[in-house]
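All ligand and atom numbering here is 1-based and tracks the order in the structure. Predicted model, so just to flag it, every value in this text is computed and none were measured.
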Amino acid sequence: MISIEHAQQLIMDRISPLEIENAPILQGLNRVTPENHISPWDIPLVASSAMDGYAFAGPGLSGDSMKVKGMLPAGQYCDEPILPEEAMKIMTGAPVPPSCDTVVPFEDVVVKGDRICLSKEVKRGANVRCPGENVCRDSVVIHRGSVLRPAEIGMLATIGKTTVPVFRRPKVAILSTGDELQDLGSTPLPGKIINSNSYSLATQVQDAGGEALLLGVSNDTQEATCEKMKEGLNADFLVISGGVSVGDRDYVKPAIEQLGGEILFWKVDMKPGKPVAFAEIQGIPIFALPGNPTAAMVAFELFVRPALLKAMGNRRVFRPKVIATIKEKLINKRERPHLVRGIVKLLGKGYEVSIAGNQGSDRIASLVEGNCLIQIESAGAFAPGDKVEVMLLDRGFEMGLVDHDFSCDGPKGSQVVRAKDSSLRFRMSS
Ligand SMILES: Nc1nc2c(c(=O)[nH]1)N[C@H]1C(S)=C(S)[C@@H](COP(=O)(O)OP(=O)(O)OC[C@H]3O[C@@H](n4cnc5c(N)ncnc54)[C@H](O)[C@@H]3O)O[C@H]1N2
Ligand code: MOO
């Protein structure tokens with residue numbers, strides 16, 4: 001059994017960034033660009049007004065009077081000379097006429113017929129944006145390796161780009177294994193359950209920026225598992241859930257071997273998620289995650305998400321961690337480090353974390369209610385008030401915006417009930 005960190009290292013060593021493609025800028029969001037982007041022009045291109053007001057040749061003294069020659073809206077250029085003791089009415093963003101260098105806002109003049117009178121002193125150059133002041137021609141405005149957020153997309157548009165080179169999104173095939181699985185849209189028969197992992201894992205892929213391809217379910221035979229896995233080898237990654245432990249019908253490892261794959265590790269010293277395996281078949285990275293829904297999602301967070309982010313050119317691939325004050329006692333009597341699902345809140349005095357209900361590896365409710373993982377080593381113990389490191393799973397919480405409060409009243413006619421083990425409260429219509 002290897003450590004989480006060692007497993008992550010082995011994975012990262014095997015993942016290289018995918019090819020680069022030119023995407024329309026609207027499809028560049030949250031992706032990484034491998035190139036520096038240089039502005040072909042100055043912004044503003046010519047000196048322009050920062051205020052709605054009057055342009056004139058400055059400076060101006062309080063009481064100075066000027067004749068207003070006309071009006072310049074944004075988008076119109078005027079090279080007509082403006083003489084001393086003359087001014088041009090000008091709107092924000094309009095080019096300042098070449099014979100002017102100063103703008104006085106409307107608020108600082110008194111208008112008398114076709115003349116204005118300055119009500120205070122105006123320094124030369126006031127309220128004028130110089131050429132290149134915002135963006136300088138030939139300067140790098142976005143550096144290679146940047147993640148394109150809305151601000152970067154806006155900057156690309158500012159410098160006239162319609163497309164942007166970005167790393168390709170990985171195609172990630174998702175396969176669930178197990179005779180007990182029924183398709184979504186049916187009601188589970190005794191002994192059966194709905195295949196939920198395909199959907200949680202597919203959306204984790206999407207959330208990371210990848211493209212999920214659902215392969216459906218393979219039955220618990222080695223032949224069926226091999227057949228379905230072969231389909232997944234057309235993708236960039238294959239993520240499998242279930243069938244990777246030591247049960248009589250756990251065929252994922254034998255199927256990988258039958259397909260000539262190399263298993264790089266199996267079993268990580270962690271709970272949930274111990275029986276996770278990482279392999280390669282024909283150069284395609286294969287993640288075999290445990291079937292337990294929470295174990296599968298936690299293992300995805302730790303191992304698959306960073307790999308997908310690296311493939312998309314990201315330098316920061318691991319979730320951020322913060323120090324939080326724990327509200328309850330937490331003890332790990334197990335032999336494995338435990339990744340406890342928690343609820344972290346950003347309060348005025350910093351982060352505070354509580355435990356998200358029952359921590360069974362099957363309890364997806366702990367991830368519905370929770371938004372972070374608290375790692376506690378084997379035989380570790382935290383007392384209320386201790387500072388603990390928590391991994392934020394959720395972007396709202398990176399900014400401390402979301403408050404998971406399940407106690408609010410539901411719609412009229414509904415009542416709040418608790419799941420049997422009180423890990424989650426939810427609403428039921430009466
Ligand atoms: N004797 C041992 N038994 C088990 C061990 C062990 O070390 N020795 N490890 C346990 C741990 S830890 C885990 S985790 C599970 C993982 O087992 P598998 O990966 O082989 O998963 P399955 O047995 O196929 O399923 C486990 C559980 O998850 C449910 N499941 C499976 N697929 C889905 C799906 N697509 N959607 C929703 N739920 C799913 C499945 O019905 C089982 O209840 O093994 C322990 N056993
Ligand atoms: O490690 Mo398992 O993942 O306990 O459920």
Side-chain angles (χ1 to χ4, degrees), residues 1-4 7 172-205 212-222 224-225 228-229 232 238-257 263 265-279 286-304 332-341 356-368 370 373 375-378 423:
M1 201 145 52
I2 63 171
S3 69
I4 296 173
V172 185
I174 312 272
L175 172 62
S176 285
T177 67
D179 287 339
E180 76 280 28
L181 301 177
Q182 274 184 218
D183 279 340
L184 195 58
S186 58
T187 304
L189 297 166
K192 306 274 186 186
I193 54 166
I194 304 294
N195 164 24
S196 61
N197 286 354
S198 285
Y199 300 91
S200 47
L201 294 169
T203 43
Q204 281 183 298
V205 167
L213 312 168
L214 292 187
L215 299 181
V217 175
S218 82
N219 293 335
D220 281 332
T221 66
Q222 191 164 324
T225 310
K228 279 283 187 186
M229 277 172 55
L238 171 59
V239 175
I240 306 167
S241 79
V244 74
S245 191
V246 292
D248 288 1
R249 295 204 167 174
D250 288 343
Y251 289 115
V252 168
K253 278 177 52 235
I256 292 173
E257 276 154 3
I263 295 180
F265 66 76
W266 175 54
K267 285 193 180 169
V268 178
D269 192 17
M270 62 190 265
K271 180 176 177 59
K274 178 184 73 175
V276 67
F278 176 59
I286 317 288
F287 294 90
L289 310 182
N292 276 324
T294 296
M297 288 190 73
V298 169
F300 185 100
E301 275 292 337
L302 264 59
F303 306 120
V304 188
N332 184 8
K333 292 182 183 154
R334 301 168 196 277
E335 287 171 2
R336 290 180 266 159
H338 195 178
L339 295 154
V340 175
R341 277 74 71 204
N358 186 292
Q359 294 289 320
S361 303
D362 55 334
R363 302 303 177 97
I364 197 164
S366 63
L367 278 170
V368 172
L373 298 175
Q375 185 166 337
I376 178 164
E377 298 309 313
S378 170
S423 66

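Protein residues lining ligand 1, listed by chain and number: Ser176, Thr177, Glu180, Leu181, Ile193, Ile194, Asn195, Ser196, Asn197, Ser241, Gly242, Gly243, Val244, Ser245, Val246, Asp250, Lys274, Pro275, Pro290, Gly291, Asn292, Pro293 [non-hydrogen atoms, distance under 4.0 Å].
To the nearest 0.5 Å, atom CG of residue Leu289 and atom CG of residue Asn197 are 8.5 Å apart. Rounded to the nearest 0.5 angstrom, Ser196 OG and Ile364 CD1 are separated by 5.5 Å. Distance check, rounded to the nearest 0.5 Å: CZ of Phe300 to CD1 of Ile174 gives 6.5 Å.
Of all atoms in ligand 2, listed by their number and element, those nearer than 4.0 Å to a heavy atom of Lys274 are 1 (O), 3 (O). For ligand 2 and Asn292, the ligand atoms under 4.0 Å from any heavy atom of the residue are 5 (O). The ligand atoms of ligand 2 that sit less than 4.0 angstrom from a heavy atom of Ala295 are 3 (O), 5 (O).
Between Pro272 and ligand 2, not a single N/O pair is under 3.5 Å apart.
Judged by distance alone, with hydrogens and angles left aside, the side-chain atoms of Asn219 form no donor-acceptor pair with the main-chain N or O of Thr221 at under 3.5 Å.
Of the listed residues (Arg334, Met270, Lys271, Arg336), the one carrying the non-hydrogen atom nearest atom 1 (O) of ligand 2 is Arg336.
For Ser186, the side-chain hydrogen bond (donor to acceptor under 3.5 Å, both in side chains) partners two or more places apart in sequence, or in a different chain, are Gln182. For Ala173, the side chain to side chain contact (heavy atoms under 4.5 Å, CB included) criterion is met by Leu215, Ala235, Leu238, not counting sequence neighbours. Shown here are the side-chain hydrogen bond (donor to acceptor under 3.5 Å, both in side chains) partners of Asp362, two or more places apart in sequence or in another chain: there are none.
No side-chain donor from either of Ser361 and Asn292 sits under 3.5 Å from a side-chain acceptor of the other. Side-chain contact, Thr225 with Thr177: no donor N or O sits under 3.5 Å from an acceptor N or O.
Protein heavy atom closest to atom 3 (O) of ligand 2, with residue, atom name and distance, is Gly273 N, 2.4 Å.
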